[in-house]
Number of protein chains: 4
Amino acid sequence: MGAVKTKRMPRAVREQQMLDAAVQIFGRRGYMAASMDEIAELAGVSKPLVYLYLNSKEDLFTACIRREATALTDAVRAGVRGELPADRQLWEGLQAFFAHTAEHPHAWSVLHLQARTHGEPFAAEVAAMREEIVAFVTRLVAAAAREAHRDPDLPEREVAGLAEALVGAAESLAAWANATPHVTARQAAATMMNFAWSGLGNLMAGHPWTPPADEA
Amino acid sequence: MGAVKTKRMPRAVREQQMLDAAVQIFGRRGYMAASMDEIAELAGVSKPLVYLYLNSKEDLFTACIRREATALTDAVRAGVRGELPADRQLWEGLQAFFAHTAEHPHAWSVLHLQARTHGEPFAAEVAAMREEIVAFVTRLVAAAAREAHRDPDLPEREVAGLAEALVGAAESLAAWANATPHVTARQAAATMMNFAWSGLGNLMAGHPWTPPADEA
Amino acid sequence: MGAVKTKRMPRAVREQQMLDAAVQIFGRRGYMAASMDEIAELAGVSKPLVYLYLNSKEDLFTACIRREATALTDAVRAGVRGELPADRQLWEGLQAFFAHTAEHPHAWSVLHLQARTHGEPFAAEVAAMREEIVAFVTRLVAAAAREAHRDPDLPEREVAGLAEALVGAAESLAAWANATPHVTARQAAATMMNFAWSGLGNLMAGHPWTPPADEA
Amino acid sequence: MGAVKTKRMPRAVREQQMLDAAVQIFGRRGYMAASMDEIAELAGVSKPLVYLYLNSKEDLFTACIRREATALTDAVRAGVRGELPADRQLWEGLQAFFAHTAEHPHAWSVLHLQARTHGEPFAAEVAAMREEIVAFVTRLVAAAAREAHRDPDLPEREVAGLAEALVGAAESLAAWANATPHVTARQAAATMMNFAWSGLGNLMAGHPWTPPADEA
DNA sequence: CATGAATGAGACTTCATTCAT
DNA sequence: TATGAATGAAGTCTCATTCAT
């Protein structure tokens with residue numbers, strides 16, 4: 001188990017191996033309980049090399065957060081086509097989000113649980129990513145309001161609260177989907193759309209949001 | 001700082017003091033970073049006494065989780081009147097929830113962040129509480145469906161997903177409300193109702209959920 | 001070897017044992033080469049106890065320096081009778097100094113070599129002690145000048161230089177006396193008086209300083 | 001900062017660059033705290049090259065000591081003209097000594113502080129140099145005795161002690177002169193002559209040693 | 001009931017040193 | 001010749017936990 005022990009690799013490659021191992025261990029054990037020994041072993045290198053390249057446990061953790069935050073936002077961005085109406089964009093973004101978090105559960109654990117649980121420096125790193133996503137959602141809500149010719153604008157804090165709730169719901173659902181067998185990204189996204197777009201009231205009245213039938 | 005150092009208290013009282021201190025420290029520092037030394041000092045007792053009464057760090061943490069989980073569910077239960085329609089019950093439950101988490105931020109940190117970040121034994125404890133709340137929400141959704149004479153029942157897993165999303169949104173909003181100045185429990189609950197009951201679609205179309213005007 | 005392993009001693013006693021061990025190891029190996037493990041073992045306690053009582057290696061070293069500096073200045077002060085003429089006071093002070101350094105060679109190594117070799121915080125500690133001794137010598141020189149009715153006062157910096165040279169010579173001689181077998185404190189002090197009081201010129205001309213014949 | 005990084009230099013030159021760097025780092029940080037990394041970087045070469053040329057940290061330190069000890073004794077020897085009377089020779093030697101130590105403070109730190117603080121192998125190296133200087137001083141004292149027709153020869157150990165004290169005083173004064181602004185080598189040497197040649201007694205009586213007025 | 005005294009185990013980190021190119 | 005890559009060994013420090021009074 002762990003990376004095959006190959007000797008003398010260029011620095012950039014070794015660094016990625018270390019980050020891979022670190023994300024896995026941090027995700028499994030949590031920041032404090034993770035030991036540099038275990039990370040080094042899983043990466044197939046000696047501990048001093050980890051320190052030589054990544055400096056300290058804190059820096060290593062930060063590097064993990066940064067890499068995975070970027071990967072996640074990139075994945076979401078890549079999944080969305082900007083020319084579609086707001087609900088369709090949200091639908092696509094959610095699918096990309098659930099797909100990515102399902103494929104990288106350790107990374108998601110690092111971002112969603114570990115990073116927020118261990119003080120400012122790390123939490124701030126995730127907050128930046130979150131803000132980017134919240135901003136994306138906020139743009140969608142604004143666009144939807146325009147499309148619907150909504151007249152009295154929603155107060156700014158109300159929008160912030162809504163975006164927060166939506167993102168929170170999605171995050172929570174991601175954890176649930178990861179833990180529940182046979183729940184696909186598509187299904188999770190559909191549940192989210194029903195919940196967030198139609199609302200429970202409409203849903204109960206028999207008016208769910210209906211996904212488009214085009215995709216794989 | 002810390003409890004006033006009084007000698008010879010009955011065991012039950014001492015134990016509560018210890019749990020108070022532990023919740024505070026665990027909430028502030030996280031499970032691993034919290035030290036038994038600091039907890040004992042804040043509780044105003046010697047470390048061996050903590051071990052005598054609560055056995056080990058794990059047991060102490062579990063006791064904290066259990067006490068605070070019970071307190072939270074009790075608070076929510078106490079806030080709801082079962083004879084009202086579903087949306088009103090949800091409205092009241094959410095208010096109670098946001099009010100309690102705002103008043104006990106350390107406890108909320110323990111339940112929402114710390115307990116889920118440190119492996120099965122603790123996560124399971126919180127999961128039990130969560131299930132109780134999810135069950136409550138599920139009953140509400142079922143009741144709402146009945147009230148609306150919804151015909152084809154929602155598939156069970158879909159309901160589970162919706163409840164999960166709703167709870168997740170509420171949890172996320174609780175953290176946000178705690179961190180954002182001047183957001184009251186009532187406002188947070190109203191945002192949740194708009195979001196969860198009416199849905200973004202309706203909201204954009206100018207049909208928000210309207211809270212009743214009766215309460216303080 | 002090392003202190004007899006007795007259990008459960010009061011804190012003050014254990015602290016002294018630790019300082020004893022630390023002075024010995026620091027004196028033998030130097031600050032950096034000394035390991036806390038070795039010190040703890042020689043003190044007959046576990047390492048954590050050393051940290052519990054003395055905080056850190058730096059603090060431990062500082063405590064050693066302080067204790068030994070105080071002991072040395074106390075010893076010198078106790079050896080001098082203030083009512084005698086200047087040269088007799090110097091003679092007595094030197095004897096006390098050489099006797100003390102000979103009896104506590106590790107302590108002398110800590111003060112003379114180790115403390116000065118490892119940065120400001122420690123050097124400053126010794127500098128304070130040294131200044132006290134230099135001040136004592138400076139008073140003697142001034143007194144001698146008064147006794148001799150010397151008219152044009154010596155410039156202040158000149159006095160500082162002389163005191164520095166005298167103390168330096170004594171320090172150096174202490175190391176030499178410790179390393180050379182069969183050199184007593186009395187002999188070392190006599191050499192110093194010849195050198196410092198009479199000067200090489202007088203000495204060569206057959207006019208040495210003659211010690212009083214009273215003491216043991 | 002550091003030597004300019006030039007490729008392909010002859011071995012002898014590279015070695016000197018390394019020794020320069022090593023003396024500086026050892027002088028600044030002390031033997032143990034100095035790291036081979038820092039030395040290699042300051043020398044502008046890679047660490048393996050340092051090992052190729054100088055074998056080990058111990059050997060490197062020894063090489064530093066040897067080079068600087070030779071440089072110092074050479075400087076003193078070069079400053080003394082053997083045909084002059086003893087006190088003039090001492091005067092010249094002291095001036096050369098203070099001038100050299102002032103110009104090479106790192107080297108002086110290595111010889112005076114670091115080398116003596118780290119065990120036999122290094123201390124022995126310095127002891128050899130010191131003996132050479134002490135021998136020089138001893139010859140002067142003997143010469144002075146002859147000039148003064150002193151009859152009963154000073155016992156050998158007494159001479160050793162005097163030389164030791166003189167050298168110790170000079171060493172101490174060198175450190176003091178380096179640390180005190182605006183004290184020149186000439187002034188330091190003058191203080192030493194007053195102290196060592198005339199003695200405090202004479203000095204107090206108004207009979208200092210007077211330097212010749214010839215030099216720059 | 002309550003605590004001062006004590007420790008085994010393990011964490012992070014650094015360093016001198018060596019391969020393989 | 002010269003170096004980027006790599007590590008065994010050791011050091012400081014912290015913590016949960018237990019005696020013995």
Side-chain angles (χ1 to χ4, degrees), chain A residues 5-15 32-40 44-60, chain B residues 5 7-11 14 32-40 44-60, chain C residues 5-15 32-40 44-60, chain D residues 5 7-11 14 32-40 44-60:
Chain A
K5 189 155 186 176
T6 316
K7 297 253 166 176
R8 303 270 150 183
M9 325 247 319
R11 171 168 181 156
V13 176
R14 269 279 136 92
E15 258 185 41
M32 296 246 63
S35 94
M36 296 298 272
D37 267 305
E38 197 179 0
I39 291 171
V45 297
S46 72
K47 222 183 339 169
L49 200 59
V50 179
Y51 278 90
L52 188 62
Y53 286 176
L54 276 314
N55 259 337
S56 73
K57 197 183 186 182
E58 283 200 12
D59 283 7
L60 174 56
Chain B
K5 189 159 186 172
K7 297 254 165 178
R8 303 273 155 182
M9 323 243 325
R11 168 161 182 159
R14 271 274 145 95
M32 295 250 61
S35 91
M36 296 297 273
D37 268 303
E38 197 178 0
I39 291 170
V45 298
S46 73
K47 229 184 334 173
L49 199 58
V50 178
Y51 278 88
L52 188 63
Y53 284 180
L54 285 126
N55 253 336
S56 73
K57 196 185 186 183
E58 285 201 10
D59 285 5
L60 173 56
Chain C
K5 189 156 186 175
T6 316
K7 296 252 167 175
R8 304 268 148 183
M9 325 246 320
R11 172 169 179 154
V13 176
R14 270 279 136 92
E15 259 184 40
M32 296 246 62
S35 95
M36 295 299 271
D37 268 305
E38 197 178 1
I39 291 171
V45 297
S46 70
K47 221 184 338 169
L49 201 59
V50 179
Y51 278 91
L52 189 62
Y53 287 175
L54 274 314
N55 259 338
S56 72
K57 196 183 186 184
E58 283 200 12
D59 283 7
L60 173 56
Chain D
K5 189 160 188 173
K7 297 254 166 178
R8 303 272 154 182
M9 324 241 328
R11 168 160 183 160
R14 271 275 145 94
M32 295 248 61
S35 90
M36 296 298 272
D37 269 302
E38 198 177 0
I39 291 171
V45 297
S46 72
K47 228 183 335 172
L49 198 59
V50 177
Y51 278 88
L52 188 63
Y53 283 0
L54 285 126
N55 252 339
S56 73
K57 196 184 186 184
E58 285 201 10
D59 284 5
L60 173 56

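Order of the sequence lines sets the chain letters (A, B, ...), proteins ahead of strands, with each chain counted from 1.
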Exercise. Partners of Asp59(D) by side-chain contact (heavy atoms from CB on, under 4.5 Å), sequence neighbours excluded?
Worked result: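 side-chain contact (heavy atoms from CB on, under 4.5 Å) check on Asp59(D) returns Asn55(D), Ser56(D).
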
Exercise. Looking at residues at least two apart in the chain, or sitting in another chain, which of them share a side-chain contact (heavy atoms from CB on, under 4.5 Å) with Lys47(A)?
Worked result: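 With neighbours one apart ignored, the set is Met36(A), Asp37(A), Ala40(A), Tyr51(A).
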
For this session: Compare side-chain N and O positions of Arg14(D) against OP1 and OP2 of dA2(F) and report whether any pair is under 4.0 Å apart.
Result: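 So the side chain of Arg14(D) is within the cut-off, an N or O lying under 4.0 Å from OP1 or OP2 of dA2(F).
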
Tell me: [atom1] of [X] to [atom2] of [N], nearest whole Å?
{"X": "Leu60(C)", "N": "dC13(F)", "atom1": "CG", "atom2": "C1'", "value": "13 Å"}
{"X": "Met9(A)", "N": "dT7(F)", "atom1": "CE", "atom2": "P", "value": "12 Å"}
{"X": "Leu52(C)", "N": "dG4(E)", "atom1": "CG", "atom2": "C1'", "value": "10 Å"}
{"X": "Leu49(C)", "N": "dG8(E)", "atom1": "CG", "atom2": "C1'", "value": "14 Å"}
{"X": "Glu38(A)", "N": "dA11(E)", "atom1": "CD", "atom2": "P", "value": "9 Å"}

Exercise. Closest heavy-atom contact between Arg11(A) and Leu52(A)?
Worked result: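 Closest pair (atom of Arg11(A), atom of Leu52(A), distance): NH2-O, 4.2 Å.
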
Problem set entry | Met32(D) versus Lys57(D), closest heavy-atom pair with distance |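 Residues Met32(D) and Lys57(D), closest heavy atoms: O-NZ, 3.4 Å.
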
Exercise. Who pairs with Glu58(D) by side-chain hydrogen bond (donor to acceptor under 3.5 Å, both in side chains), at least two apart in sequence or on another chain?
Worked result: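 By the side-chain hydrogen bond (donor to acceptor under 3.5 Å, both in side chains) rule, Glu58(D) matches no residue at all.
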
For this session: Would you classify Arg11(D) as touching base, sugar-phosphate or nothing, given that sugar-phosphate means primed atoms plus P, OP1 and OP2, and contacts are heavy atoms under 4.0 Å?
Result: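 Counting heavy atoms under 4.0 Å across all strands, no contact is made by Arg11(D).
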
Exercise. Can you tell me how far the CG atom of Leu60(A) sits from the CG atom of Leu54(A), to the nearest 0.5 Å?
Worked result: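 Interatomic distance, Leu60(A) CG to Leu54(A) CG, rounded to 0.5 Å: 4.5 Å.
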
Exercise. Roughly how far, to the nearest 0.5 Å, is CD of Glu15(C) from CE of Met9(C)?
Worked result: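 So the gap between those two atoms works out to 12.0 Å.
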
Exercise. Which nucleotide sits closest to the side chain of Tyr53(A): dA2(F), dA5(F), dT3(E)?
Worked result: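 Nucleotide nearest to Tyr53(A)'s side chain: dA5(F).
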
Problem set entry | Stem list, DNA chain E (Watson-Crick or G-U pairing under 3.5 Å, at least 3 consecutive pairs) |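 The stems are E:2-21 with F:2-21.
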
Exercise. How does protein contact run along nucleotides 14-21 of chain F, one letter per nucleotide 5' to 3', with B for base contact, S for sugar-phosphate only, - for none, heavy atoms under 4.0 Å?
Worked result: BBSBBBS-

